[in-house]
Amino acid sequence: NAKPTQYLINYTTNDSLARDGVKFTAAQLSLYAQDEWNILNNFRLTYGLRVDLPIFPTNPPENTNFSKDFAGYNTSVLPKSTPLWAPRIGFNWDVMNNGKTQIRGGVGIFTSRVPFVWISNQYNNTGNLYTNINLSGNALPASFRFRFDKNHPFYNQYSAANLQAIGATVSRPPTNINITDRDFKFPQVFKTNLAWDQQLPWGVVSTVELNYTKTLNNVIWENLNIAPLNGTITLGGNDKRPTWNGRVNTNYDQVLLLKNTSKGYTYNASIEFTKSTASGLFAKVGYSFGESYSMNDGASSTAGSNWRFPPNVNGLNVLDLGYSKFRMGHRVLAAISKTFRYGGTDKKWGTTVSLFYNGQSGTPFTWVYFNSTDPTGDDRGGSGNNDLVYIPTSAEVAAMRFDPITDGTYTRSEAQQRTDLEELMSTDSYLSKRRGQRADKYDARTPFENVFDFKLLQIIPIVKGHKVELTFDIMNV
């Protein structure tokens, strides 16, 4: 049993035997009222009001040292329980009062389902809940030996006091802090839409619809432990970007404040045609286009990932409004199905054969630098994968220097790497059009996607009007 090369352990400071993690309670109280008013026999107004109230009965632990280091902030303070008011109104107008031409629309405020997971980060990351130990090499005393006992409450592991008793120097590593703005509000948007349904000849129904959504309260994170250095770094051409001090207070790593932004919007337009017949034929074809813009998509459950990963130019604390990773783009939809009824006079047996087509713009992605060190200094994580790339010109590639690569049997000379980079820049459909510029976030896409799905549905009558349905699906035929 030799001395190990490294020893890592993480345990709850006040109770090293705790296994359940931090517990907290939260609730969302909701009230909704709605009414309909038939102003005319062909004009109906629907209006309502929803109110949501998030409640946090449990406060996170307080870290008094943090409050001294970052005046005005407290790990035990949560957002105020503020009612989220969401009124809305909609209308439906049968223009000719014959069901052939309808215009409908609405406007209102809508609240998302409250994502308490974002607030849960504050309970787990107060900076004083856990003891983290990571010792390696000479930091481990010569007498240190690994030990384990499954029947021991602490599995016979070493606490900080145990390690210090045998001569180890246990220092407090930089800790992460998550806090929430006192005035933080859960996501809300303003939505409006207008649609026109029209009966056309031959039993075809057309629908044209426009939708617009404006952000009222969305999420964004700020790292209070970084600061601008008032300098710049040039990543190519005239692409100068501000540099950052990635750790102002060395006792802490990320100090992330969850707050709101009102920047962001989405719009889409669609048109579709449908037809169904008494003989069981159904057909539909449609086209839609939409775009989404945001500051931070809030795609992760953890504050660290939500702060670190948004593509940016000027720094993770200074995000720009740009394309969202959820932007839709173009979409074409088509479906055709035929139902066959049979089995005596009541025709209780049925077989439906359907074919669906979905064609849409590829998945948005972003060209970013992926380095062991963030080029602008604000991200101290293991890989700087958030800074948007500068796309060099042919002349700039020709002037670049490359370190030769030797990795086992794989080698790549400086000249080969230069050729590889130039080939990528000149042949990629996105990069080749933006040489001498920086990439924009989620501006590139994978190729257009075409998917056909087949569905077979069989209805089998049994007894007393009951039936069994069997389905057989082939996805992406």
Side-chain angles (χ1 to χ4, degrees), residues 228-229 231-244 263-264 289-297 299 308-330 359-379 381-407 410-450:
L229 289 174
T232 60
I233 183 174
T234 301
L235 299 179
N238 295 318
D239 185 14
K240 294 183 178 180
R241 308 188 190 185
T243 53
W244 296 81
K263 295 182 179 180
F289 175 78
E291 283 293 7
S292 300
Y293 297 83
S294 69
M295 299 278 283
N296 189 317
D297 289 311
R308 282 192 61 209
F309 295 139
N312 69 93
V313 173
N314 297 310
L316 292 166
N317 276 2
V318 193
L319 299 180
D320 297 313
L321 181 66
Y323 287 131
S324 165
K325 69 185 302 181
F326 303 112
R327 57 187 294 229
M328 184 181 77
H330 301 275
Q360 66 183 62
S361 300
T363 304
F365 68 91
T366 307
W367 288 94
V368 295
Y369 292 105
F370 194 91
N371 307 312
S372 58
T373 303
D374 187 282
T376 56
D378 54 352
D379 181 9
S383 55
N385 55 355
N386 49 48
D387 292 277
L388 291 161
V389 300
Y390 170 80
I391 305 166
T393 64
S394 296
E396 289 170 328
V397 172
M400 287 182 179
R401 298 293 305 274
F402 297 83
D403 291 332
I405 297 175
T406 301
D407 186 4
Y410 179 81
T411 61
R412 211 69 180 156
S413 68
E414 180 179 3
Q416 288 173 319
Q417 293 180 68
R418 185 178 294 110
T419 300
D420 293 342
L421 181 60
E422 176 58 31
E423 182 179 1
L424 172 65
M425 297 295 166
S426 60
T427 59
D428 181 84
S429 59
Y430 179 79
L431 299 175
S432 60
K433 297 175 182 178
R434 299 183 64 86
R435 306 201 68 168
Q437 308 173 55
R438 69 168 70 102
D440 288 330
K441 71 172 186 174
Y442 301 114
D443 195 19
R445 287 186 181 271
T446 58
F448 196 87
E449 300 174 5
N450 297 283

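Reckoned from all heavy atoms, side chains included, excluding hydrogens, waters and symmetry mates. The shown structure was predicted, so the numbers you read here are calculated from the model rather than taken from an experiment.
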Measuring centre to centre across the rings, with the benzene-like ring taken for any Trp, is Tyr442 within less than 6.0 Å of Phe365?
no
Write down the atom of Phe448, the atom of Ser361, and the distance for their closest heavy-atom approach.
CE1-N, 3.5 Å
Do side-chain atoms of [X] reach the backbone of [Y] as a donor and acceptor pair under 3.5 angstrom?
X      : Y      : answer
Asn312 : Pro310 : yes
Ser294 : Gly264 : no
Arg435 : Pro392 : yes
Tyr390 : Lys240 : no

Assess whether a salt bridge exists between [X] and [Y], defined as any Lys/Arg side-chain N lying under 4.0 Å from an Asp/Glu carboxylate O.
X      : Y      : answer
Asp320 : Lys441 : no
Arg418 : Glu422 : no
Asp297 : Lys325 : no

Interatomic distance, [X] atom [atom1] to [Y] atom [atom2] [nearest 0.5 angstrom]:
X      : Y      : atom1 : atom2 : value
Ser394 : Leu421 : OG    : CG    : 10.0 Å
Ser413 : Asp403 : OG    : CG    : 12.0 Å
Ile391 : Arg434 : CD1   : CZ    : 6.0 Å
Thr232 : Arg241 : OG1   : CZ    : 11.5 Å
Leu316 : Trp244 : CG    : CH2   : 8.5 Å

State, without any angle test, whether Asp443 and Tyr430 hold a side-chain donor-acceptor pair at a distance under 3.5 Å.
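The criterion, which ignores hydrogens and geometry beyond distance, is satisfied for Tyr430 and Asp443.
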